Amino acid sequence: MSRFNQPLGGNEMPRFGGPATMMRLPSAPDATGLDVAFVGIPMDIGTSNRPGSRLGPRQIRDESRMLRPYNMATGAAPFEHLQVADIGDVPINTFDLKKSVDIITAFYDDVLEKGALPLTLGGDHTLTWPILRAMKKRHGPVALIHVDAHADINDTMFGEKVAHGCPFRRAWEDGCLLNDRVFQIGLRGTGYSPEDFDWGRQRGWTVVQAEECWHRSLKPLMAEVRAKIGDAPVYLSYDIDSLDPAFAPGTGTVEPGGLTIWQGLEIVRGAAGLNLVGGDLVEVSPPYDPSGNTALIGANLLYEMLCVLPGVPQGRAG
Ligand code: MN
Ligand code: MN
């Protein structure tokens with residue numbers, strides 16, 4: 001009997017039964033005693049286009065039911081090395097986005113105070129800014145791997161400073177980021193001006209547009225990312241719309257010409273060995289995901305994040 005929590009197995013309880021937690025792990029009231037806490041943020045009031053990501057955490061949990069404990073590609077066995085549980089959802093104020101971001105920061109202050117590393121089920125991308133504010137208090141400014149079709153560095157949307165197109169502008173303003181160690185991967189689509197993706201570059205960020213990723217493995221890119229980040233604390237923010245809509249159509253702001261699933265896996269697996277301090281998977285919108293595939297891919301990417309956290313040996317080269 002392991003001293004660590006285990007996901008409920010498919011031979012103990014049918015996959016369509018059991019607790020509706022991430023990977024059918026035990027639930028916990030807070031992060032006390034945990035190495036890793038799965039947290040849901042059921043929020044879409046920062047969304048500018050198609051809504052629905054408020055239902056993302058619940059659907060990702062549901063589609064995570066099929067996940068087994070061992071990573072057959074990398075050899076990682078996270079549940080032999082980490083105490084993991086699902087601590088439920090952040091009680092955001094669904095009528096007030098500005099109050100909600102403060103609720104999120106306070107929630108993550110508590111998770112980090114208790115010594116757990118948060119992996120977040122979103123929710124719209126607004127949520128990464130308040131998480132990064134909590135990260136800064138705990139770790140100082142962090143390196144960032146941001147995978148997305150969009151830069152999310154707008155100053156305002158409809159005159160508002162808090163929106164899902166603004167989180168990394170706000171995080172930069174708040175001094176949350178190590179600017180020479182910020183990587184934005186997968187950006188594409190139409191813009192308001194030809195310079196839309198240059199704002200980050202002007203701040204020292206590395207911006208890798210989707211077209212630079214086409215038809216190639218991203219392992220060399222991730223080797224470069226690891227070399228530049230070194231041992232700095234790093235946060236991984238994964239917007240599911242980074243993937244091509246052929247793979248992940250169930251999201252609010254769809255852009256064609258995106259990453260493949262295997263490139264997404266290369267990015268997350270390529271974060272092994274880094275000093276990861278947290279991660280999120282955002283923008284899954286179940287109303288646009290009738291097959292559940294987008295949420296299922298999101299659940300798998302969150303599991304892959306768990307597999308590369310510090311303290312999890314990598315059994316085989318990924
Ligand atoms: Mn985004
Ligand atoms: Mn996006």
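Note that the numbering runs from 1 along the sequence shown for the chain. All figures in this text were calculated on a predicted structure; none of them were measured in a lab. Any value given below was found using the heavy atoms of this structure, including those in side chains, with hydrogens, waters and symmetry copies removed.
Using modelled atom types and a 3.5 Å distance limit, the side chains of Thr294 and Tyr288 yield no donor-acceptor pair. Side chain to side chain, His164 and Ser53 fail the donor-acceptor criterion of an N or O pair below 3.5 Å. Looking only at atom types and distance, the side chain of Glu266 has a donor-acceptor partner in the side chain of Ser217 under 3.5 Å away. Thr105 and Arg133 form a side-chain donor-acceptor contact under 3.5 Å, judged by distance and modelled atom types alone. Asp241 and His150 form a side-chain donor-acceptor contact under 3.5 Å, judged by distance and modelled atom types alone. Counted by atom type alone, Glu80 and Tyr70 present one or more donor-acceptor pairs between their side chains at under 3.5 Å.
Rounded to the nearest 0.5 angstrom, Phe4 CZ and Leu34 CG are separated by 11.5 Å. The line from SG of Cys307 to CG of Leu302 is 11.0 Å long, rounded to the nearest 0.5 Å. In this structure, NZ on Lys228 lies 9.5 Å from CG on Asp180, to the nearest 0.5 angstrom. The CG atom of Asp44 lies 13.0 Å from the CZ atom of Arg50; values are rounded to the nearest 0.5 Å. Rounding to the nearest 0.5 Å gives a distance of 14.0 Å between CD1 of Ile60 and CZ of Arg65.
Side-chain atoms of Tyr238 and Val282, non-hydrogen and from C-beta on, never get closer than 4.5 Å to each other.
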Hey, mind stepping through Leu132 and Arg170 against side chain to side chain contact (heavy atoms under 4.5 Å, CB included) and telling me if it holds? CA-CA 10 Å; Leu132 287 172; Arg170 297 288 89 79; over 6 Å; no

Please determine whether side chain to side chain contact (heavy atoms under 4.5 Å, CB included) holds for the pair Ile45 and Ser100, giving the CA-CA distance in whole Å, both sets of side-chain angles, and the decisive distance to 0.1 Å. CA-CA 9 Å; Ile45 53 174; Ser100 292; 4.2 Å; yes

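Here His146 and Phe183 keep their ring centres 6.0 angstrom or further from each other. In this structure, the ring of Trp199 has its center less than 6.0 angstrom from the ring center of Trp205.
A side-chain contact (heavy atoms from CB on, under 4.5 Å) with Val268 is found for exactly one of Leu301, Ile145, Leu281, namely Leu301. For the side-chain contact (heavy atoms from CB on, under 4.5 Å) with Leu119, the qualifying choice from Leu306, Asp280, Leu276, Asp86 is Leu306, the only one to do so.
By the 4.0 Å N-to-carboxylate-O rule, Lys99 lies too far from Asp102 to be salt-bridged with it. In this structure, Arg58 does not pair ionically with Asp89, as no charged nitrogen and carboxylate oxygen lie closer than 4.0 Å. Taking a cutoff of 4.0 Å between a charged side-chain nitrogen and a carboxylate oxygen, Arg15 and Asp62 do not qualify as a salt bridge. Between Glu304 and Arg269 a salt bridge is recorded (basic side-chain N to carboxylate O distance below 4.0 Å).
In terms of modelled atom types and a separation under 3.5 Å, the side chain of Asp174 and the main chain of Cys176 share no donor-acceptor contact. Of the possible donor and acceptor atoms, one in the side chain of Thr21 sits under 3.5 Å from a partner among the backbone N and O of Leu25. The backbone N or O of Gln202 lies less than 3.5 Å from no partner atom in the side chain of Asp198, so there is not a single donor-acceptor pair.
When hydrophobic clusters are built by joining Ile, Leu, Val, Met, Phe, Trp and Tyr residues whose side-chain heavy atoms come closer than 4.5 Å, directly or via intermediates, Ile153 is grouped together with Leu127. Under a hydrophobic-cluster definition in which Ile, Leu, Val, Met, Phe, Trp and Tyr are linked whenever side-chain heavy atoms come within less than 4.5 Å, directly or via other members, Ile131 and Val111 are assigned to the same cluster.
Ring geometry for Phe247 against Trp262 counts as perpendicular: the plane angle is over 60°, on a 0 to 90° scale with 30° as the lower cut.
In terms of heavy atoms, Pro118 sits closest to Met135 at CG-CE, 3.6 Å.
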